[in-house]
Amino acid sequence: MNHLISRDVEYTHDGTRMIGALRAPAGARNAPGVLLLHDAFGLSDDMLAIAERLAGLGYAVLAADVWGERARPRTQGEIGPLIGAMVADRRRWAARVAAAHTAAAEQPEIDDDAIVALGYCFGGSSALEHLRTGGAVRGVVSVHPGLDLLDADAGWGACDPTARVLLCTGAEDPMATAAQRDSLQRAMTGAGLDWETDLYGDTRHAFTSPHARFSPTPEAVAYHPRNAERAWDATTRFLRELARDLSPAVVG
């Protein structure tokens, strides 16, 4: 897509090199920004396609590299230890996402005062954690996050109460149960956040991922194309609303 700005963005955290990817409209300067946080499979072609789709709508997107060195784990044996290490050291997890946010804010194409964190699966959990721990984002879109990764007893006092949150999740997602949703919603209400939950029936974890069509555990992880499109529509509507409120220029 030659009408888009496309480049790698290198940054570091705790001695690890991250190789993020910027996608933005040609000629963009101080455009509404999206910090895109990948799922457990790393900064994959699917994530880059989402970044390009958003850039085509007028957003400047930094797709973060949370694992480092553009790692793309493929098996549960690779993924489990990566996620486990982040959950076991929440400060490191938060700092790694914050490093990506800083890198995004440094890009001339991105308005550093108009950044929304958008995450899928592990990235959706990361986006919520970033807000909870004081990440200065204007909003969060969390698509089928693993709510089981969040600390139910953690406080939300550090978050910016003016931020908005959109949660898109499946009613049958075993990693985001009704009790876990209720706990998160109570915490966000207590923090004064403007939040919305889009709950999709007969829908499980990772429902926007085409790879989930081949899931060996379809009772837990399954692609749902109709609700994937509904979540995309909700995401772009949410981004448009924020962009209109933050900037006189209307993003399509």
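Computation of the quantities below employed the complete heavy-atom set of this structure, encompassing side-chain atoms and omitting hydrogens, waters and symmetry-equivalent molecules.
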Side chains of [X] and [Y], donor plus acceptor under 3.5 Å:
| X | Y | answer |
| --- | --- | --- |
| T75 | E78 | yes |
| T197 | Q185 | yes |
| D46 | H211 | yes |
| E129 | S126 | no |
| R23 | S6 | yes |
| D14 | T16 | no |
| H144 | T208 | yes |

Short side-chain to backbone donor-acceptor contact, [X] and [Y], under 3.5 Å:
| X | Y | answer |
| --- | --- | --- |
| E109 | A28 | no |
| R204 | D173 | no |
| R132 | G155 | yes |
| Q107 | A103 | yes |
| S142 | G124 | yes |
| T236 | D233 | yes |

Over all heavy atoms of both residues, which pair between [X] and [Y] is shortest? Give the atoms and the distance, please.
| X | Y | value |
| --- | --- | --- |
| S44 | F41 | CB-O, 4.4 Å |
| R70 | I19 | NE-O, 2.6 Å |
| I110 | G33 | CG2-CA, 3.9 Å |

(request) Under the salt bridge (charged side-chain N to carboxylate O under 4.0 Å, His left out) rule, what do D113 and R138 come out as? Steps first, then yes or no, please. (result) CA-CA 8 Å; D113 193 39; R138 292 293 191 152; 2.9 Å; yes

(request) List, by chain and number, the other hydrophobic cluster members for M175, where Ile, Leu, Val, Met, Phe, Trp and Tyr join if side-chain heavy atoms come within less than 4.5 Å, directly or indirectly. (result)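 When side chains under 4.5 Å apart are linked, the cluster holding M175 also contains V221.
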
(request) Carefully, step by step, assess S183 and Q180 under the rule side chain to side chain donor-acceptor pair (under 3.5 Å). (result) CA-CA 5 Å; S183 176; Q180 289 161 348; over 6 Å; no

(message) Does this structure show an ion pair linking R240 with D245, if we count only N-O contacts that are shorter than 4.0 Å?
(response)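 Between D245 and R240 there is no salt bridge, as every charged N stays at least 4.0 Å from the carboxylate O atoms.
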
(request) Could you tell me whether R17 and D65 make a salt bridge, using a distance below 4.0 angstrom between a side-chain N and a carboxylate O? (result)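 Result for this pair is no, no salt bridge flagged.
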
(message) On the six-membered ring of W67, is R96 placed so that its NZ or CZ lies under 6.0 angstrom from the centre and within 45° of the ring axis?
(response)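 Judged by the rule (NZ or CZ under 6.0 Å from the ring centre, within 45° of its axis), R96 is not positioned above W67.
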
For a quick test of your reading: what N or O donor-acceptor pairs under 3.5 Å do the side chains of residues 80-89 make, sequence neighbours left out?
residue, atom, partner, partner atom, Å
D89, OD1, R92, N, 3.2

(message) Applying salt bridge (charged side-chain N to carboxylate O under 4.0 Å, His left out), can you list everything that pairs with D153, at least two apart in sequence or on another chain?
(response)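 Partners of D153 under the salt bridge (charged side-chain N to carboxylate O under 4.0 Å, His left out) test: none.
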
(request) Going by the side chain to side chain contact (heavy atoms under 4.5 Å, CB included) test, name the single residue among L118, V34, D160, L131 that passes it with V137. (result)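 Of the listed residues L118, V34, D160, L131, the side chain to side chain contact (heavy atoms under 4.5 Å, CB included) partner of V137 is L131.
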
(request) Return yes when atom CZ of F238 has more than 12 non-hydrogen atoms of other residues, nucleotides or ligands closer than 6.0 Å, and no otherwise. (result)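 Correct, the count exceeds 12.
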
(message) Is the distance from the ring center of Y200 to that of F207 below 6.0 Å?
(response)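 Judged by ring-centre distance (under 6.0 Å), Y200 and F207 do meet the cut-off.
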
(request) Test D111 against R29 for salt bridge (charged side-chain N to carboxylate O under 4.0 Å, His left out), laying out the working first. (result) CA-CA 7 Å; D111 180 350; R29 283 294 180 273; over 6 Å; no

